2 protein chains.
Amino acid sequence: MSSLTEVAREAGVAVSTASRVLSGSEHPISERTRARVLAAAERLHYSPSALARAMVTSHSRLIGVLVSDIDNPYFSVIARGVDDVATKAGYVTMLSNVDRRTTTEINRLQAMRDYRAAGVVFAGSGYVDDPQHGALADAVRRAREQGVRAVTLADRDLGCPSLTVDNRAVAQDITGHLIARGHRRVVFIEGPTGMTVSRHRREGFLTAMRAAGLETNAACHPGGFDYDAGHAAALRLLARRPLPDAVLAANDEVAVGALRALRQAGLDVPRDISVAGMDDLRIAEFTGLTTVSLPLYEMGSLAARHIIDATADTATNTVLSHRIAARDTVARKQGC
Amino acid sequence: MSSLTEVAREAGVAVSTASRVLSGSEHPISERTRARVLAAAERLHYSPSALARAMVTSHSRLIGVLVSDIDNPYFSVIARGVDDVATKAGYVTMLSNVDRRTTTEINRLQAMRDYRAAGVVFAGSGYVDDPQHGALADAVRRAREQGVRAVTLADRDLGCPSLTVDNRAVAQDITGHLIARGHRRVVFIEGPTGMTVSRHRREGFLTAMRAAGLETNAACHPGGFDYDAGHAAALRLLARRPLPDAVLAANDEVAVGALRALRQAGLDVPRDISVAGMDDLRIAEFTGLTTVSLPLYEMGSLAARHIIDATADTATNTVLSHRIAARDTVARKQGC
DNA sequence: TTGTAGGCGTTATCAC
DNA sequence: GTGATAACGCCTACAA
């Protein structure tokens, strides 16, 4: 309620003076006036309007993050990474769920641009041949022209810096891990159709299989990114003989769904069959799932840092490294 | 970059006219002028400054949510609930993690107040005898005096409306569920010491036990709210004989930790021992955990709705209902 | 139906 | 050291 003007009046000084002490300016101020202003502000429960401040300085200290669904642990770690550095730097995080819809993504980006966000982090993956991709890229370009920095955490060609992992390599490495442990009939439960990340992980899987001279016919099975998809896919797998040696799932949640279906069917994982995932979310730890650890928290925090430390905003593409997290769901076959 | 002024100039009209068409005002405007303004705005990639708009209308359309940790599924569902109604109403969600620190909570509330948030949702629980409680309550009072609506989703006496579940009843009901199924030696793995919610759940557990005339000496065991706490507590339980009939954990994650420790020790859950949790997060579904379902999403969405539909802001305390989610980790003993 | 002008709460630029 | 004052971008009487 109370503005700088009132604080100034209460302290018996000019607004400019009050502003100087309250905004922590370098300008020299006598100790006496400073104390007086501080006291007045305290007395009036003064809360500086970040809105007004943002307008005049053209620095909103707002940072946006666009996630598919914050209730998905993959994204909540990223959001946590963003918010930690944002808060430390005196920024506030704006969050929006876009449910993997590009048009929603455009709308929310627009909303954040209206608030003059210092930058926006695109956490989600894109789609192959997305008809809306051009519109999004345009929106990003315009936002950037206006001073909104953008960072994407997935391979999606938005014309802005990216901070990603190499999902092909991720899948290839974990597949190699399986193969190195003697598994030959390895099947892959794919991610949602059309998503770039699904495509990449599938390619990585196939590359590793072929490199090992393994059969890939009928090795890929439709799935999704959630528990039910993994459960259902495993059930379908169970209906056919021979059973594969190992199941690689498109992500951890799918792997856990498959794991449960397999175990409910009376199989011993990993003795009878091995299971692996990708992402390394907490659920993987809980279940002892062998998976690939991704630097999700770092992706979030680095993205925020890029936005805040307004260094060169050239469209650099940084690829972060991953590592296998070997746990209990993958067996080592005899002689391997 | 381009302001209303420029759009007006480009369209050859006055700013007020441009404002009227662009802000969707009721004011009558000729179709011709409207089209012209719209075209100009489009051409200039105009993005209305939500900051300026907020200043003059004193409606920021910003809604804040304070969570302990967004990477904790309990809070991410709540945040999802808040954001869904916020977005639908044309608001933007601000998020802050406070790591259960009251002073941080005060700081973040302050930050949101600086941005003139329409309201702030306090998602986390408080502490018993928290020395900072008074300071927080004061901060909330001042924020409210300034027009920031506040809603708490836990029992914490902040002088603002609350939207809670009855955690005593939650624990009492699930304990009753265990007892009704013939379990007599039931132990409770407590939540973090000092948290109000831990205290309430413990009380509910004890009430149910005593009501059934069951022994409660040494029935409560220190724990926490995470997987490791549950795992460790179960290990300690395992070291003593006789083993309890059932283990009730302070929340789902603890239950899952205990579940795993028990199974790793070779016990069959629920044949040898039963396990139950509280919250009903997705992990409970995945593991088939018997637990208590809480309306977390609703708490978030209702809180947001309360803030947005600026109806009477009286400090009403609404208690939402919970229900037992019986799944696979609780056995029914002979004759029950 | 359109235009003019005042003000929202700050910071920044100049004087004093 | 301190104080006027002009922006920032927008909405909203009020006037025409």
Side-chain angles (χ1 to χ4, degrees), chain A residues 1-38 40-41 44-62 90 111 113-118 146-148, chain B residues 1-38 40-41 44-62 90 111 113-118 146-148:
Chain A
M1 215 72 272
S2 63
S3 64
L4 239 203
T5 317
E6 306 181 48
V7 174
R9 183 189 0 249
E10 171 88 8
V13 302
V15 265
S16 43
T17 305
S19 169
R20 290 194 265 254
V21 358
L22 261 12
S23 66
S25 120
E26 299 293 72
H27 203 98
I29 296 279
S30 79
E31 264 323 308
R32 204 164 130 282
T33 346
R34 174 183 306 277
R36 198 178 293 186
V37 171
L38 257 16
L44 274 62
H45 304 312
Y46 174 67
S47 155
S49 167
L51 265 24
R53 187 171 281 179
M55 264 195 51
V56 63
T57 61
S58 53
H59 283 306
S60 69
R61 292 184 159 265
L62 246 21
R113 176 149 93 102
D114 292 350
Y115 281 95
R116 302 297 183 260
Q146 201 201 67
V148 177
Chain B
M1 214 73 269
S2 63
S3 65
L4 239 203
T5 317
E6 305 181 48
V7 173
R9 185 190 359 249
E10 170 87 8
V13 301
V15 266
S16 47
T17 305
S19 168
R20 291 194 263 253
V21 0
L22 261 13
S23 66
S25 121
E26 299 293 73
H27 205 97
I29 296 279
S30 77
E31 263 325 307
R32 203 164 130 281
T33 342
R34 175 183 305 278
R36 198 178 292 187
V37 171
L38 256 17
L44 274 59
H45 304 312
Y46 174 66
S47 155
S49 168
L51 264 25
R53 189 172 279 180
M55 262 194 54
V56 62
T57 61
S58 52
H59 282 307
S60 69
R61 292 183 159 269
L62 248 19
R113 176 150 94 103
D114 292 349
Y115 281 96
R116 301 298 185 257
Q146 199 201 65
V148 177

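Computed from a predicted structure; not experimentally measured. Just the heavy atoms: all of them, side chains too, but no hydrogens, waters or symmetry mates, feed the values below. The chains referred to below are lettered A, B, ... by the order of the sequence lines, with proteins before strands, and numbering in each begins at 1.
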Q: Check whether any side-chain heavy atom of Ser47(A) lies under 4.5 Å from a side-chain heavy atom of Arg116(B), and answer yes or no.
A: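 Yes; the side chains approach each other to less than 4.5 Å.
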Q: From C-beta outward on Val56(B), which listed nucleotide comes closest to its side chain: dT10(C), dG1(D), dC11(D)?
A: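 Selected nucleotide (nearest to the side chain): dC11(D).
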Q: What's the shortest heavy-atom distance between Ser60(B) and Leu51(A), and which atoms?
A: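 In this case the closest contact between Ser60(B) and Leu51(A) is CB-CD2, 4.4 Å.
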Q: Nearest to the side chain of Leu4(B) - dC14(D), dC8(D), dC11(D)?
A: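 Out of dC14(D), dC8(D), dC11(D), the nucleotide with an atom closest to Leu4(B)'s side chain is dC11(D).
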Q: May I ask you to say what Ser16(B) touches in the nucleic acid, namely base, sugar-phosphate or nothing, with a heavy-atom cut-off under 4.0 Å?
A: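 Ser16(B): base contact, heavy atoms under 4.0 Å.
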Q: What I want to check is whether an N or O donor and acceptor connect the side chain of Arg116(A) with the base of dG9(D) at under 3.5 Å.
A: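 Side chain to base: no pair below 3.5 Å.
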Q: Salt bridge check: are Glu6(A) and Arg9(A) linked by an N-O gap of less than 4.0 Å?
A: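 Salt bridge between Glu6(A) and Arg9(A), a charged N being under 4.0 Å from a carboxylate O: no.
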Q: So what is the end-to-end bend of the helix from dT1(C)-dA16(D) to dC16(C)-dG1(D), with 5 pairs used at each end and the value given to 10 degrees?
A: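 Here the local axes at opposite ends form an angle of 40°.
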Q: Taking Ser23(B) for the side chain and Ser19(B) for the main chain, is one N or O donor matched with an acceptor at less than 3.5 Å?
A: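 It does hold such a pair.
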Q: Which listed nucleotide (dG3(D), dG9(C), dT11(C)) is nearest to the side chain of Ala14(A)?
A: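 That would be dG3(D).
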Q: Of the listed nucleotides (dT10(C), dT2(C), dG1(D)), which one gets closest to any side-chain atom of His27(B)?
A: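 Given the options dT10(C), dT2(C), dG1(D), the side chain of His27(B) is closest to dT2(C).
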Q: Heavy atoms, side chains only, cut-off 4.5 Å: are Val37(A) and Leu22(A) in contact?
A: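 Of all side-chain heavy-atom pairs linking Leu22(A) with Val37(A), at least one is under 4.5 Å.
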Q: Looking across every strand, which nucleic acid part, if any, lies under 4.0 Å from Ser58(B) by heavy atom: base, sugar-phosphate, or nothing?
A: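 No contact at all - Ser58(B) keeps every heavy atom at 4.0 Å or more from the nucleic acid.
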Q: Using a heavy-atom cut-off of 4.0 Å across all strands, would you classify Ser25(B) as base, sugar-phosphate, or nothing?
A: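 Result for Ser25(B) = nothing.
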Q: Could you measure the distance from the CZ atom of Arg20(A) to the OG1 atom of Thr33(A)? Nearest 0.5 Å is fine.
A: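 Here the rounded value is 10.5 Å.
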